[in-house]
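Just below is one structure, and these are the notes that go with it.
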Amino acid sequence: MKLNRPALAGAIAALLLSRGTCVLAAPDPEALVDQHHCMFCHTVESPFLAPSFQQIAQRYRDVPNASTMLEQKLRLGGRAHWGDTAMPLAAERGGPISREDTHTLVQWVLSH
Ligand code: HEC
């Protein structure tokens with residue numbers, strides 16, 4: 001049997017759409033947010049113990065290489081950019097976090 005290319009392409013497109021992402025097998029950002037307790041201090045819209053994800057996205061929208069800086073900060077820590085309180089290190093937030101997961105999370109935060 002020959003592979004039916006249009007049907008295959010359609011199936012892949014449907015799969016991508018249904019996942020709401022353009023990368024196959026990417027981890028789900030919302031699950032990672034839960035797993036790492038990001039919402040313990042952050043919310044999407046209102047500043048709470050930490051800047052909201054919308055504020056963060058707005059601040060870094062036009063900053064070149066912001067995502068690289070933020071990924072590094074999430075994984076390894078860094079000085080505070082919003083006030084006197086730096087974000088606790090990953091180990092104190094719920095456990096170590098992989099490079100790939102950090103990338104997914106930062107892309108997600110910056111998409112707000
Ligand atoms: C214990 C509280 C706490 C938790 C949990 C937490 N954050 Fe934060 N976060 C902060 C604080 C406080 C700041 C502001 C730090 C600063 O001034 O740079 C911050 C800042 C940030 C920033 C902006 C950093 C910058 O340099 O501007 C990002 C992005 C971010 N958090 C993402 C996350 C993600 C993703 C998670 C989950 C993996 C998370 N945070 C979990 C408290 C927290």
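Not measured: the values here are computed from a predicted model. Order of appearance sets the numbers: ligands from 1, and atoms from 1 within every ligand.
Counting only heavy atoms from C-beta outward, the side chains of Val44 and His112 approach each other to under 4.5 Å. The side-chain heavy atoms of Leu105 and Gln35, taken from C-beta on, include no pair separated by under 4.5 Å. Under the 4.5 Å side-chain criterion, counting only non-hydrogen atoms from C-beta, Met87 is not in contact with Glu92. A heavy-atom distance below 4.5 Å is not found between the side chains of Leu70 and Val109. The shortest distance between side-chain heavy atoms of Glu45 and Ser52 does not fall below 4.5 Å. Using a 4.5 Å cut-off on side-chain heavy atoms (C-beta onward), Met69 and Val63 make no contact.
Nearest protein heavy-atom neighbour of atom 24 (C) of ligand 1: Leu70 CD2, 3.6 Å. At the shortest separation from atom 11 (C) of ligand 1 among protein heavy atoms lies Ala50 CB, 3.5 Å. Atom 26 (O) of ligand 1 has its closest protein heavy atom at His81 ND1, 2.5 Å. Annotation: atom 17 (O) of ligand 1 to nearest protein heavy atom, Trp82 N, 2.6 Å. For atom 37 (C) of ligand 1, the nearest non-hydrogen atom of the protein is Cys38 SG, 1.8 Å.
Close contacts between ligand 1 and Thr85 involve ligand atoms 12 (C), 14 (C), 15 (C), 16 (C), 17 (O) [criterion: under 4.0 Å to a heavy atom]. The distance from ligand 1 to the heavy atoms of Ile56 drops below 4.0 Å at these ligand atoms: 21 (C), 22 (C), 23 (C), 28 (C), 29 (C). Close contacts between ligand 1 and Gly83 involve ligand atoms 17 (O) [criterion: under 4.0 Å to a heavy atom]. Against a heavy-atom cut-off of under 4.0 Å, His37 is close to the following atoms of ligand 1: 5 (C). Remark: ligand 1 atoms within the under-4.0 Å shell around heavy atoms of Pro51 are 13 (C), 14 (C). The contact set between ligand 1 and Leu74, taken as ligand atoms under 4.0 Å from a residue heavy atom, comprises 32 (C), 33 (C), 34 (C), 35 (C). The ligand atoms of ligand 1 that sit less than 4.0 angstrom from a heavy atom of Leu49 are 12 (C).
Using a 4.0 Å cut-off between heavy atoms, Ala80 contacts ligand 1 through both its backbone and its side chain. At a 4.0 Å heavy-atom cut-off, ligand 1 does not touch Arg59 at all. Heavy atoms of Ala90 found under 4.0 angstrom from ligand 1: none, in either backbone or side chain.
Ranked by closest heavy atom to atom 1 (C) of ligand 1, the top entry among Gly94, Ala66, Cys41 is Cys41.
A perpendicular orientation is assigned to the rings of Phe53 and Trp108, their planes being inclined by more than 60° (bins at 30° and 60°).
Remark: Asp101 CG to His36 NE2 distance equals 5.0 Å, nearest 0.5 Å. A distance of 8.0 Å separates CD of Gln54 from OG1 of Thr43, quoted to the nearest 0.5 Å. Interatomic distance, Leu110 CG to Arg59 CZ, rounded to the nearest 0.5 Å: 12.0 Å.
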Checklist entry - Going through the distances and angles, do Ile56 and His81 end up as a side chain to side chain contact (heavy atoms under 4.5 Å, CB included)? => result CA-CA 10 Å; Ile56 295 171; His81 286 148; over 6 Å; no
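Contact annotation: Tyr60 has at least one heavy atom less than 4.0 Å from an atom of ligand 1.
In terms of polar-atom proximity, defined here as any N/O pair under 3.5 Å, Arg93 makes no such contact with ligand 1.
When the shell of 6.0 Å around CZ of Arg99 is examined, it contains 12 or fewer heavy atoms from other residues, nucleotides or ligands.
Atom 8 (Fe) of ligand 1 lies under 2.8 Å from an N, O or S atom belonging to His42.
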